[in-house]
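One structure below.
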Amino acid sequence: MSESGQDKLSGVQRFSPFLPLLGLLGVLFCFFVSLELMGTSMKLLGKGFAEQLIQTTRNPFIALFIGILATSLVQSSSTVTSLAVSAVAGGGLAVAGAIPIVLGANIGTSVTNTIVSLGHIGRKDEFGRAMGAASVHDFFNLLAVAIFFPLELVFGFLSKSSAALTAGVTGMGGTELLDFVGTMTGPVVNSLVALMLDSGVLVLILGVLLLFFSLRYLVVLLRSLFLGRSERLINKYLFGPVPLALAFGTLVTIMVQSSSITTSITVPLVGAGIVTVSQIFPFVLGANIGTTVTALLASLVLASGDSALGAAALQVALAHLIFNCCGVITFLPFQTIRRIPVRMSEFLGVLVVRNRAWAFGYIACIFFLIPLIIILLTRNLNF
């Protein structure tokens, strides 16, 4: 071989260790784009329906399920929370009625990572692990709502505590964080949506196809990169000690401004066998806290003007933060309690390995059918 040929070969060999990393970054970008496309498609298809849902009732029990259904339709808890705050500011909804919608939105937002787990459906054991990773977020939110929603109904726990905090911090002001993921993917997503003629159905199909493609290669690349030293570092820090994992989950979600993205990233990691459901659980709870920060800071800006809109926005944002913090305090410190949602999600993982129909039935019932049926059956009841 000539000297120039040897130089070229050595250059490729020096660069080759970076190829898997570049591939991972490219696939992650596709993954983020697919999530944004799915969210955009749901907004195109369901945002008007979500607005109508929020404006139809002042019944807090129905409002909870409206929050679940509306967020499952638009795949954005921020959108649903903003709609609820707007309804409060317009006098069509009391803050006490908006809070159950926010609690429901907390459950509905986890539909994204549960749908993401379907990307592993072709590989049975991997699918079971992925479904366990996705649903641990669901079960935590469901259990937290089962505890704190009755406290809100009977004692006004969240509305009173958030009102007290609102009175204390009004006028402090705040700043809006940069949306890093939105900035990166926005031009690509907007171009693809325009190419699909703003059709919600076509955008959804494209998003799902891109999701399955990115997940297929994401798992392969994660396995190749995180075996050995990298895997040990992830287990030691990112999903290591509980307080550290909680902090990382919070910080990462603040940076990407989406708990759906943060928690969805954990699904292929568990599916690939790199980490376990127990390890990601504190990280997921951190994501629940982190997702409230942007809206909280933005509402502080509004509250600085002493307007009714600002006060309402701040109170709803604080209620969301209080709820998630109380959930963490309830479940995380004690291992016995911490294991409850983990075991529930692992059991679901076992069920979907036996029969994949459990996965579709679970998603359809928890996020769509049960909320819709309860809304229809109880819409005439008054509390």
Side-chain angles (χ1 to χ4, degrees), residues 50-51 54 60 63-64 66-68 70-71 74-110 141 144-145 148-149 151-152 156-179 182 249-263 285-329:
E51 290 175 338
I54 288 172
L64 174 70
I66 284 176
I68 298 173
T71 308
V74 302
Q75 291 197 30
S76 171
S77 59
S78 298
T79 297
V80 172
T81 302
S82 298
L83 290 172
V85 169
S86 298
V88 171
L93 187 65
V95 171
I99 289 174
I101 292 177
V102 170
L103 300 190
N106 228 52
I107 295 173
T109 193
S110 58
N141 283 326
V145 166
F148 292 103
F149 181 57
L151 292 177
E152 170 62 17
F157 170 69
L158 294 172
S159 54
K160 289 178 180 177
S161 56
S162 60
L165 280 177
T166 300
V169 301
T170 298
M172 287 175 58
T175 56
E176 187 173 354
L177 296 176
L178 292 174
D179 183 357
T250 303
L251 292 173
V252 170
T253 306
I254 290 172
M255 287 191 293
V256 302
Q257 291 199 43
S258 172
S259 60
S260 296
I261 289 177
T262 308
T263 55
L285 299 198
N288 256 19
I289 295 174
T291 195
T292 68
V293 171
T294 303
L296 179 61
L297 292 175
S299 66
L300 283 170
V301 176
L302 293 172
S304 62
D306 293 326
S307 66
L309 172 62
L314 181 57
Q315 186 173 351
V316 173
L318 284 170
H320 195 192
L321 177 63
I322 291 168
F323 168 71
N324 282 319
C325 288
C326 287
V328 169
I329 293 169

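As the structure is a computational prediction, the values presented were derived from the model and not from experiment.
Taking the six-membered ring where the residue is Trp, F148 and F157 present parallel rings, their angle staying beneath 30° rather than reaching 60°.
Atom OG1 of residue T292 and atom CD1 of residue I322 lie 10.0 Å apart, to the nearest 0.5 angstrom. Note that the CD1 atom of I68 and the OG1 atom of T109 stand 12.0 Å from one another [nearest 0.5 Å].
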Which pairs would a plain distance check flag for residues 96-107, meaning a side-chain donor or acceptor within less than 3.5 Å of a matching protein atom at least two apart in sequence or in another chain?
| unit_1 | atom_1 | unit_2 | atom_2 | d |
| --- | --- | --- | --- | --- |
| N106 | OD1 | H320 | NE2 | 2.6 |
| N106 | ND2 | N141 | OD1 | 3.1 |
| N106 | ND2 | N324 | OD1 | 2.8 |

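Taking each heavy atom of Q315 and S162 in turn, the nearest pair found is CG-OG, 3.2 Å.
Residues F149 and L158 fail the side-chain proximity criterion, which asks for heavy atoms closer than 4.5 Å.
Partners of S161 by side chain to side chain donor-acceptor pair (under 3.5 Å), not counting sequence neighbours: none found. Residues passing the side-chain contact (heavy atoms from CB on, under 4.5 Å) test with T250, sequence neighbours excluded: I254, I289.
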